[in-house]
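Each remark here refers to the structure printed beneath this line.
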Amino acid sequence: TSVHRKGSAMDMAELIPTLPLETGCPPFLLRQYGGYWQPEWVLPGFEAVNTRFQPRPSDVFLASFPKSGTTWLKALAFATVNRAEHPPSGDAHPLRRSGPHDCVKFVESTFALSDEDGDLFAALPSPRLLATHIPYSLLPEHITADDDSGCRIVYICRDPKDAFVSTWFFTKNNKVKVAGSTELLQHPAPSIEQVFDLFCDGRSVSGPQWHHVREYWEESQRRPNKVLFLRYEEMLREPARNVKKLAEFLGCPFTAEEVAAGVVDAIVDLCSIDQLKKLQANNTGVTDLAVKNETFFRKGLAGDWSNHISSEMASRLDRVVEDALRGSGLTF
Ligand code: A3P
């Protein structure tokens, strides 16, 4: 990881072919970098975040392990931060015309997919809302700085069994074609059991999941003013309470008048999966990565894993995660 932390020890393009490779996890070739498995095509984006991106102390990063509720968090944070300019109940709200992923971009994939030079986020006005799947330990030090120059981070964490099942359907329902995604990887399609084996070995996009969540969890304990740790299942149970927590953390708490006027409830409603699913921006079209927008909105439940993996598979993953999280104070 010297390239990441120190900048230019070795060019990422030279480094990539030397990294451990996993080809059994479609649709991407995965490479192990800094202890995490990543799609090969995204790694130049990691480097760009380190070398080209200029963080501002007012930046807010929405961070997650994939398929853990990122889309929802993007919508909630966007609606909360912009509620003065864009009242959530208004017909013209940007989230009624654009998908959450258009409103808040992933930094590393934006860099990885663009041919343009320089800092692609420089033109965005402050405070900027940005998203990432980059593991905490691989974020540039200027983002995680433990002083006033560091950025705020909101992490969303989900039961790994549901994140796995969500990934399975997302992959099945998309035929993603980018550099590094080859025909070889599409045929024959692996079974859910095969992909699950790899997941339990940490071999999934941004895996191991348990390292990803643990790093952000520990940082949220160490620096609660800079890292907020949210849980998908708790958000489903008490969305309004979590939106209030989010607003406080972001420095824009709801006033008593706003709460009484139903602003929190309007944000929860605007960002609910049922509302978002109905919108044309979310049920048609594809993203930059040829991902079908509709595939970001499936069931949105806690515990759907039990319909798709056996209880033996579930206990196996539970044991792996429990062992890895021991001593952290974080449990599922
Ligand atoms: P399921 O596949 O279990 O339904 P991500 O946004 O990180 O890619 O995660 C996708 C998961 O979040 C999917 O889970 C998806 O249905 C769910 N999701 C998307 N929008 C949501 C929303 N507004 N509320 C709750 N869950 C949502």
Side-chain angles (χ1 to χ4, degrees), residues 27-28 39 42 61-80 88 93-96 98-106 108-109 129-135 154-174 176 192 195-196 199 204-207 209 212-213 216 230-243 246 265-279 281-283 286-289 291-309 314 317 332:
F28 303 127
V42 90
F61 276 88
L62 308 178
S64 59
F65 180 81
K67 311 323 290 174
S68 299
T70 328
T71 312
W72 192 18
L73 179 61
K74 284 184 175 188
L76 289 171
F78 181 88
T80 299
H93 196 282
L95 280 168
R96 295 191 207 280
S98 309
H101 295 285
D102 284 329
C103 295
V104 184
K105 300 275 187 192
F106 286 110
E108 65 275 24
S109 52
L129 209 45
L130 304 159
T132 190
H133 290 316
I134 299 179
V154 181
Y155 188 77
I156 183 164
C157 167
R158 187 181 196 191
D159 183 323
K161 300 187 290 303
D162 282 329
F164 168 76
V165 166
S166 186
T167 305
W168 169 252
F169 281 104
F170 187 68
T171 308
K172 245 168 67 115
N173 294 333
N174 277 298
V176 182
I192 190 166
V195 180
F196 185 79
F199 191 92
S204 63
V205 174
S206 293
Q209 186 266 0
H212 205 283
V213 297
Y216 279 98
L230 296 175
R231 300 192 62 150
Y232 183 81
E233 295 77 14
E234 281 175 18
M235 289 166 60
L236 284 178
R237 269 197 302 275
E238 293 185 286
R241 198 171 78 82
N242 281 280
V243 171
L246 177 65
D265 294 333
I267 289 175
V268 169
D269 190 50
L270 170 68
C271 301
S272 70
I273 189 163
D274 292 340
Q275 287 301 322
L276 292 180
K277 255 186 185 177
K278 284 188 207 156
L279 302 169
N282 295 326
N283 60 32
V286 295
T287 70
D288 316 349
L289 257 186
V291 170
K292 291 180 209 147
N293 287 319
E294 64 181 24
T295 60
F296 286 105
F297 309 90
R298 196 180 63 96
K299 287 195 177 169
L301 302 174
D304 184 49
W305 60 264
S306 65
N307 297 314
H308 305 287
I309 60 173
L317 179 54
F332 285 99

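From a predicted model like this one, the values you see are computed outputs, not experimental measurements. Read the numbers this way: they start at 1 and go in the same order the structure lists the ligands and their atoms.
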Between His101 and Phe296, how do the two ring planes meet: parallel, tilted or perpendicular, split at 30° and 60°? tilted
Sequence-distant partners of Lys67, salt bridge (charged side-chain N to carboxylate O under 4.0 Å, His left out), two or more places apart: none
Can you confirm whether Phe297 sits close enough to Pro100 that some side-chain heavy atom of one is under 4.5 Å from a side-chain heavy atom of the other? yes
The protein residues that pass the under-4.0 Å heavy-atom test against ligand 1 are Lys67, Ser68, Gly69, Thr70, Thr71, Trp72, Arg158, Ser166, Tyr232, Cys271, Ser272, Ile273, Leu276, Phe296, Phe297, Arg298, Lys299, Gly300
Does the ring center of Trp72 lie less than 6.0 Å from the ring center of Tyr232? yes
How are the rings of Phe106 and His133 set to each other: parallel, tilted or perpendicular (split at 30° and 60°)? tilted
Under 6.0 Å between ring centres, would you say that holds for His308 and Phe196? no
